[in-house]
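Data first, discussion second: the structure below is written as structure tokens.
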Amino acid sequence: MKSDEIMDVALRRGFIFPSSEIYGGFSGFYDYGHLGTLMRRKWEDAWRKHYLRLNSNFFEIDATNIMPKNVFVGSGHIENFNDPLTECGKCHSRFRADHLIEEFLERSAEGMATDEMSKLLKENSIPCPKCGGQLLDVKMFNMMFEISVGSTGESEVAYLRPETAQGAFLTFKRSFNTLRGKLPMGLAIVGRAYRNEISPRQGFYRLREFNQAELQIFFDPDTIEDHPNFDSIKDVKLRMFPLQNRSTGEVDDITASDLNKNYGIPKFYIYHLAKIQEFYLDKMKFPRELFRFRELSADERAFYNKIHWDVEVYTESLGGYKEMGGLHYRTDHDLGGHQNASGEKLDVNIEGKKFIPHVLELSFGVDRNFWTLLDVFYKDEGDRKVISLPKVVAPFRAGIFPLQKKGDLEKVAKNVYDSLSECYDVFYDDSGSIGRRYRRQDEIGTPFGVTIDFQTLEDNTVTIRERDSMDQHRVKIEDIWKNI
RNA sequence: GCGACUGUAGUCUAGUGGUUAGGACUGGAGCUUCCCAAGCUUCAAGCGCGGGUUCGAAUCCCGCCAGUCGCACCA
């Protein structure tokens with residue numbers, strides 16, 4: 001199994017570890033080791049570089065992970081993240097209690113207390129839809145982690161954020177003012193989010209504590225049909241998997257302008273699809289055929305998302321195309337919801353025009369992207385294992401090797417290491433044969449090896465060895481940086 | 001959360017009531033002027049956790065934790 005092989009490398013070399021492992025582990029939680037931390041940071045930096053540069057009015061902010069209950073009343077999470085569940089006493093299947101009541105009694109169960117639902121189930125002898133057995137008491141299952149803030153007694157109910165996005169909506173008013181009232185405005189947050197998954201399967205794919213990179217773009221809905229830079233991407237062929245292709249599984253290459261003309265998707269949305277694809281194909285170097293945008297059906301997407309395509313990458317270890325992120329046109333759902341719940345005016349007034357800005361959300365799961373990079377670029381070539389990570393995300397840019405551990409070689413190698421360390425993460429290794437040291441670096445994705453040998457002492461040149469081709473060439477020490 | 005199966009160094013694995021728990025790979029130190037996993041010497045590292053049965057438990061029983069699969073869940 002490929003996921004075992006990747007997990008093997010990840011554990012052995014220090015990408016990720018099960019959390020709290022010496023106490024038996026903790027399902028749905030993982031720690032990042034030294035390589036994983038380097039690599040994730042690089043992915044995040046590449047993400048920042050790519051998306052924040054789309055517009056000079058896009059910035060990163062940082063918000064708290066803990067927020068009071070009312071925030072999630074306003075966001076809708078209290079209502080939508082809180083499912084009343086009942087379990088069959090006989091076959092142990094679980095069902096949404098409110099759905100059963102609505103179905104059997106044909107009455108709304110909205111806002112109904114759990115006690116009342118339990119009573120209704122019992123009084124009307126609503127049976128288990130699967131085996132006819134008796135249903136047990138209704139319990140709320142909340143996907144959010146609830147915590148209490150403050151000393152016991154007067155503590156306030158709060159939650160760990162289930163997505164980073166809310167921070168951008170909550171600071172919208174201040175951010176908009178400090179950025180001097182211009183739209184579009186982008187607020188990015190890269191950070192942790194928490195969801196109390198019932199059963200976090202699939203190893204590293206569904207976590208209870210995870211990292212997100214999200215960009216909320218606030219804009220005037222009247223401008224959605226255009227984007228000032230649309231012409232720059234109008235001929236780009238996008239990898240689209242629309243609903244009507246579900247049965248065939250085929251991905252269509254559709255140019256940006258055709259998407260606009262024939263599919264009626266607004267240019268503002270398409271522009272960002274193109275930039276997302278650029279990130280995956282040009283920056284992350286994923287093979288084109290592994291990438292697609294998947295259109296979600298009305299059932300699959302949240303009611304407030306007017307347009308929603310997921311970003312998917314074919315990930316062998318996870319068994320197919322997997323969601324890496326999504327592009328969500330959320331309209332004024334977020335700011336409108338918070339305006340209603342908080343009583344705070346969140347509309348803007350631009351040259352006499354008053355409106356609540358709409359939101360286009362670019363949302364990515366960092367950990368999933370991290371895992372998928374390992375998956376896509378890992379190869380077992382028989383006599384060596386190699387992860388052909390693109391330079392921008394490889395934990396180390398180069399390994400520095402003195403051919404032998406002899407006085408002068410070591411001294412020169414240390415100097416090379418020190419000077420390259422100024423701009424790159426580099427790794428120094430003087431133990432084992434030179435071949436073994438190359439292989440060690442291949443396995444963690446280091447693109448280059450720099451070897452200091454006896455010739456170096458004569459003419460100041462070193463060997464640069466390239467990871468994927470294993471080719472070597474000599475360059476002067478002062479030219480190394482140009483060659484890696 | 002339910003059911004089935006599973007858990008021996010970092011990895012793979014031998015061991016079915018009495019073993020100094022064995023091996024391979026990996027890792028560390030050293031030898032070899034060493035450019036693609038050579039070899040030699042040497043060191044380190046393990047029975048998931050907790051109870052119970054027994055004179056004695058990696059081995060049998062129970063609970064927990066974790067993993068895989070199925071069901072449910074995935075706003």
Side-chain angles (χ1 to χ4, degrees), chain A residues 1 3-5 7-14 17-30 33 72 75-83 85-96 128-131 133 136 139 141-144 162-163 165 195-203 205-208 299-305 319 323 328 333 365 381-386 399 401-409 429-443 449-457 462-467 469-474:
Chain A
M1 279 276 291
S3 60
D4 294 334
E5 285 179 62
M7 194 53 94
D8 174 25
V9 175
L11 291 170
R12 200 151 37 76
R13 308 316 294 254
F17 309 126
S19 157
S20 305
E21 196 178 10
I22 63 170
Y23 287 96
F26 201 25
S27 186
F29 296 87
Y30 279 87
F72 301 106
S75 71
H77 284 92
I78 292 291
E79 195 181 20
N80 297 316
F81 244 49
N82 228 342
D83 292 342
L85 294 181
T86 178
E87 187 178 321
C88 171
K90 202 167 137 198
C91 71
H92 300 292
S93 301
R94 297 177 83 185
F95 306 94
R96 285 281 296 264
C128 167
K130 208 163 142 195
C131 74
L136 305 175
K139 282 186 204 147
F141 188 82
N142 196 329
M143 292 282 290
M144 286 192 290
E163 59 181 15
R195 294 181 194 182
N196 200 359
E197 300 282 353
I198 297 174
S199 174
R201 292 277 173 82
Q202 305 183 76
Y205 183 73
R206 265 175 75 198
L207 302 175
R208 287 183 167 133
D299 290 352
E300 289 166 330
R301 61 177 193 251
F303 68 90
Y304 47 77
N305 278 331
E323 178 191 348
H328 316 124
H333 170 77
E381 296 181 343
D383 63 339
R384 71 165 186 162
K385 295 183 169 112
V386 57
F401 314 120
L403 190 60
Q404 273 182 48
K405 226 176 171 178
K406 289 269 159 82
D408 286 347
L409 289 186
D429 190 359
D430 61 10
S431 90
S433 75
I434 190 67
R436 177 177 297 277
R437 284 178 271 168
Y438 288 148
R439 298 304 163 90
R440 281 186 192 128
Q441 294 305 308
D442 289 341
E443 199 184 27
V450 175
T451 304
I452 287 80
D453 59 15
F454 294 101
Q455 194 184 327
T456 310
L457 302 179
V462 296
T463 307
I464 291 187
R465 179 261 194 188
E466 206 271 324
R467 176 193 63 204
S469 63
M470 297 197 275
D471 288 344
Q472 305 190 354
H473 63 285
R474 290 195 82 89

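The model shown is predicted, which means the values in this text are computed figures rather than measured ones. Convention: sequence-line order gives letters A, B, ...; per-chain numbering from 1.
In this entry the distance linking CG of A/D442 with C1' of B/C36 reads 9 Å, nearest Å. If you take CD of A/E21 and P of B/C49, they are 12 Å apart, rounded to a whole angstrom. Between the CZ atom of A/R384 and the P atom of B/A37 there is a distance of 11 Å, given to the nearest Å. Taking atom CD of A/Q472 as the reference point, atom P of B/C36 lies 7 Å away to the nearest angstrom. For the pair A/D4 CG and B/U13 P, the computed distance is 10 Å after rounding to whole Å. As a whole-Å value, the separation of A/R301 CZ from B/C74 P is 18 Å. Atom CG of A/L11 and atom C1' of B/C12 are 14 Å apart (whole Å).
When both distances must be under 3.5 Å, the Watson-Crick or G-U wobble mate of B/C2 is B/G70. Remark: B/C31 base-pairs with B/G39. Criterion, Watson-Crick or G-U wobble with two distances under 3.5 Å. In this entry B/C47 has no Watson-Crick or G-U wobble partner, no candidate having both defining distances under 3.5 Å. In this structure, B/A75 forms no base pair with any nucleotide, since neither Watson-Crick nor G-U wobble geometry is met with both distances under 3.5 Å. Remark: B/U20 base-pairs with no nucleotide in the shown strands. Criterion, Watson-Crick or G-U wobble with two distances under 3.5 Å. Base pairing analysis places B/A57 opposite nothing; no Watson-Crick or G-U wobble pair with both distances below 3.5 Å involves it. Pairing for B/G7 goes to B/C65, judged as Watson-Crick or G-U wobble with the two contacts each under 3.5 Å.
Across A/R437, A/R440, A/Q441, a single residue satisfies side chain to side chain donor-acceptor pair (under 3.5 Å) together with A/D429, and that is A/R440.
Contact of A/R195 with B/C73 (side chain to base): no donor-acceptor pair of N or O atoms is detected under 3.5 Å. A/R439 contributes a side-chain N or O that forms a donor-acceptor pair with the base of B/C36 under 3.5 Å.
For the P atoms, the distance linking B/A21 with B/A58 amounts to 10 Å, nearest Å. Comparing the C1' positions of B/A24 and B/C31 gives a spacing of 23 Å, expressed to the nearest Å. With P as the reference atom, B/U11 and B/G48 are 12 Å apart, rounded to whole Å.
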What are the atom names and distances for every N/O pair under 3.5 Å that joins the protein to nucleotides 65-67 of chain B?
from, atom 1, to, atom 2, distance (Å)
B/C65, O2', A/G24, O, 2.7
B/A66, OP1, A/S27, N, 3.1
B/A66, O4', A/G24, O, 3.3
B/G67, OP2, A/S27, OG, 3.2

Could you pull out the protein-nucleic contacts involving nucleotides 26-32 of chain B (nitrogen or oxygen on both sides, under 3.5 Å)?
from, atom 1, to, atom 2, distance (Å)
B/U26, OP1, A/R436, NH1, 3.2
B/U26, OP1, A/R436, NH2, 3.3
B/G27, OP1, A/R440, NE, 2.8
B/G27, OP1, A/R440, NH2, 3.3
B/G27, OP2, A/R436, NH1, 3.0
B/G28, OP2, A/R440, NH2, 3.3
B/G30, OP2, A/K405, NZ, 2.9

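The residue among A/E163 and A/D8 whose nearest nucleotide of RNA chain B is located toward the 5' end is A/D8.
The aromatic rings of A/H333 and A/Y304 sit parallel to each other, their planes meeting at less than 30°, with 60° as the upper class boundary.
Under a 4.0 Å N-O distance rule, the pair A/R384/A/D442 qualifies as a salt bridge.
When the side-chain nitrogen and oxygen atoms of A/S433 are compared with OP1 and OP2 of B/A38, one or more of them lie within a distance under 4.0 Å.
The A/H77 side chain lies nearest to B/A75 when the options are B/A75, B/C35, B/C36.
When the salt bridge (charged side-chain N to carboxylate O under 4.0 Å, His left out) test is applied to A/R13, the partners found at least two apart in sequence or on another chain are A/E443.
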